[in-house]
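Submitted below is the structure of interest, expressed as structure tokens.
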Protein chains: 2
Amino acid sequence: MPKAAPPRPVGARRRDEILRIAMETFATRGYHNASLAEIAERSGLTQAGVLHHFRTKAGLLTGVLELRDKSDIDALGDGRPRGLGLLRHLVDTARRNAEREGIVRLYTVLSAESVTEGHPAQEYFRSRYQGLRTMVITALEEAAEAGELPATRDLPELANAIIAVMDGLQVQWLLDPAAVDMARATDRVITALIGVPLPPEE
Amino acid sequence: MPKAAPPRPVGARRRDEILRIAMETFATRGYHNASLAEIAERSGLTQAGVLHHFRTKAGLLTGVLELRDKSDIDALGDGRPRGLGLLRHLVDTARRNAEREGIVRLYTVLSAESVTEGHPAQEYFRSRYQGLRTMVITALEEAAEAGELPATRDLPELANAIIAVMDGLQVQWLLDPAAVDMARATDRVITALIGVPLPPEE
DNA sequence: GTCTATATTTGGATAGAC
DNA sequence: GTCTATCCAAATATAGAC
């Protein structure tokens with residue numbers, strides 16, 4: 001069973017392990033408050049050892065974000081859902097996220113931190129939101145063309161609102177998990193906004 | 001016209017000035033990445049000078065958050081709106097916020113940063129969200145009793161969603177102001193959720 | 001590829017003079 | 001109330017041995 005891993009079959013093992021731990025650490029502490037020393041220690045390396053694989057701390061952050069992108073794309077894999085199916089998929093994602101606190105924490109902490117001056121992830125999040133917006137708008141347009149969408153006015157605004165609810169719920173959920181049901185609330189907002197129930201889960 | 005300022009008529013001048021500058025700095029850099037040195041310099045003091053007024057950096061952050069609370073309460077002043085009037089007030093706040101980037105930045109950055117381990121503002125934001133939730137739920141209950149509210153199911157979920165949209169929109173707006181109209185999007189979500197238009201602006 | 005050692009900077013906080 | 005001086009800890013990054 002040949003692996004499709006492109007660059008190095010075994011030399012990248014350590015690198016991936018460092019990335020995994022860096023992800024956890026950035027999620028737990030934020031970027032600025034996380035230290036290479038902690039990441040190194042938890043990786044069973046020294047600080048210099050980590051910096052052999054990633055020349056700078058910002059480079060390490062970039063690596064983490066690229067890794068996340070890759071696994072997100074892999075997760076979709078078999079052709080992404082279209083129209084209302086994508087909105088359904090967003091709700092499913094919210095549900096799955098309730099079992100993946102680390103990921104939620106990573107994105108919540110870093111996205112907000114990225115709006116500070118000179119933050120290395122600023123461009124990443126700017127273009128990420130642009131991508132998310134485009135994706136949701138496209139889905140809404142597809143639904144509208146298929147006649148499945150009563151609300152056809154100002155789709156970009158609709159998309160912004162849907163993305164915003166999901167983000168905002170995450171902050172509340174991280175601070176007080178018992179107080180928030182991310183999936184239900186997301187479903188409710190989307191349903192209310194588009195004026196029609198979502199298709200059943202795949 | 002006698003001032004109602006309680007503790008010191010003139011000695012607190014410097015203290016307030018430091019708080020103002022600290023607020024800006026925390027908003028721009030986040031808590032961890034802001035330094036007392038920078039706050040001191042911008043205040044025209046040395047680091048030790050600042051620490052004379054606030055014994056620790058965390059104490060300074062607490063001071064900033066208390067100050068904001070006080071001015072928020074002052075802003076409401078003449079009896080807070082009830083029922084749907086409060087939801088209208090939320091939309092108005094979103095509109096005003098588009099002219100107060102500093103405040104938006106402060107809350108967005110700090111609330112997300114507060115979910116990290118051992119953050120000094122964690123309790124503050126936990127109880128702040130609890131307070132916001134209670135406030136919105138109460139308003140929804142009032143509206144329901146007055147027969148102004150078609151959607152009466154699961155009001156806490158409704159409240160969470162409304163708060164979440166507002167927060168989420170702020171992140172997007174800070175990264176790309178032209179891409180988001182916070183007030184319009186907030187209005188649209190609230191209207192869709194409660195199933196009835198909001199009363200006209202006061 | 002990983003380590004030790006170190007350079008360099010910067011952080012928060014304290015002591016004591018003025 | 002503010003400063004200077006200082007302490008101590010921690011941070012990122014580099015050089016060079018193994």
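Naming: A, B, ... by sequence-line order, numbering from 1 per chain.
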* Asked: For A:Glu145, which residues count as a side chain to side chain donor-acceptor pair (under 3.5 Å) partner, sequence neighbours excluded?
  -> none

* **Difference in axis direction between the ends of the helix from C:dG1-D:dC18 to C:dC18-D:dG1, five pairs, 10°** => 0°

* Between D:dG16 (P) and A:Leu51 (CG): distance, integer Å -> 17 Å

* Quick one: label A:Leu36 by what it contacts on the DNA or RNA (base, sugar-phosphate, nothing), any heavy atom closer than 4.0 Å. => sugar-phosphate

* Asked: B:His52 side chain N/O closer than 4.0 Å to the phosphate oxygens (OP1, OP2) of D:dT2?
  -> no

* To do: Output the residues of residues 41-50 of chain A in contact with DNA chain D, where contact means a heavy atom of the residue under 4.0 Å from an atom of the strand; sort by number or write none.
  => A:Gln47, A:Ala48

* Structure fact -> Taken in chain and number order and not counting sequence neighbours, the residues that satisfy salt bridge (charged side-chain N to carboxylate O under 4.0 Å, His left out) with A:Glu101 are A:Arg105

* **Residues which pass side chain to side chain donor-acceptor pair (under 3.5 Å) with B:Ser43, listed by chain and number, not counting sequence neighbours** => none

* Residues which pass salt bridge (charged side-chain N to carboxylate O under 4.0 Å, His left out) with B:Asp16, listed by chain and number, not counting sequence neighbours -> none

* Atom-to-atom span, CZ of B:Phe54 to P of C:dG12 - whole angstrom -> 15 Å

* So which of residues 113-124 of chain A are in contact with DNA chain C, with a heavy-atom cut-off of under 4.0 Å? -> none

* Structure fact -> When rounded to whole Å, the CG to C1' distance for the pair A:Leu61 and D:dT12 reads 15 Å

* **Sequence-distant partners of A:Thr108, side chain to side chain donor-acceptor pair (under 3.5 Å), two or more places apart** => A:Gln170

* D:dA10 P sits how many Å from A:Ile39 CD1, rounded? -> 17 Å

* Atom pair distance, as rounded to whole Å: CD in B:Glu17 and P in D:dG1 -> 16 Å

* **side chain to side chain donor-acceptor pair (under 3.5 Å) partners of B:Arg128, counting only residues at least two apart** => none

* Examine C:dG11: is either OP1 or OP2 under 4.0 Å from a nitrogen or oxygen in the side chain of B:His32? Give yes or no. => no

* Comparing A:Glu38 and A:Arg55 on DNA chain D - which has the more 5′ nearest nucleotide -> A:Glu38

* Asked: Does B:His53 have a side-chain nitrogen or oxygen under 4.0 Å from the phosphate oxygens OP1 or OP2 of D:dT2?
  -> yes

* Nearest to the side chain of A:Arg14, which nucleotide is it out of C:dG12, D:dT12, C:dT2? -> C:dT2

* Asked: Which pairs pass salt bridge (charged side-chain N to carboxylate O under 4.0 Å, His left out) with one or both residues in residues 180-195 of chain A, sequence neighbours excluded?
  -> A:Arg88-A:Asp187, A:Arg184-B:Asp154, A:Arg184-B:Glu157, A:Arg188-B:Glu157

* Asked: Just checking B:Ala34: base, sugar-phosphate only, or nothing, at a heavy-atom cut-off of under 4.0 Å?
  -> sugar-phosphate

* Asked: Going by an N to O cut-off under 4.0 Å, is there a salt bridge joining B:Glu17 and B:Arg14?
  -> no

* Report the residue from A:Ile137, A:Ile190, A:Ile163, A:Leu193 that forms a side-chain contact (heavy atoms from CB on, under 4.5 Å) with A:Leu158. => A:Leu193

* Structure fact -> Sorted by chain and number, sequence neighbours left out, salt bridge (charged side-chain N to carboxylate O under 4.0 Å, His left out) with B:Arg126 holds for B:Glu123

* Side chains of B:Asn97 and B:Tyr107: do they bring a donor and an acceptor to under 3.5 Å? -> no

* salt bridge (charged side-chain N to carboxylate O under 4.0 Å, His left out) with B:Glu66: which residues, sequence neighbours excluded? -> none

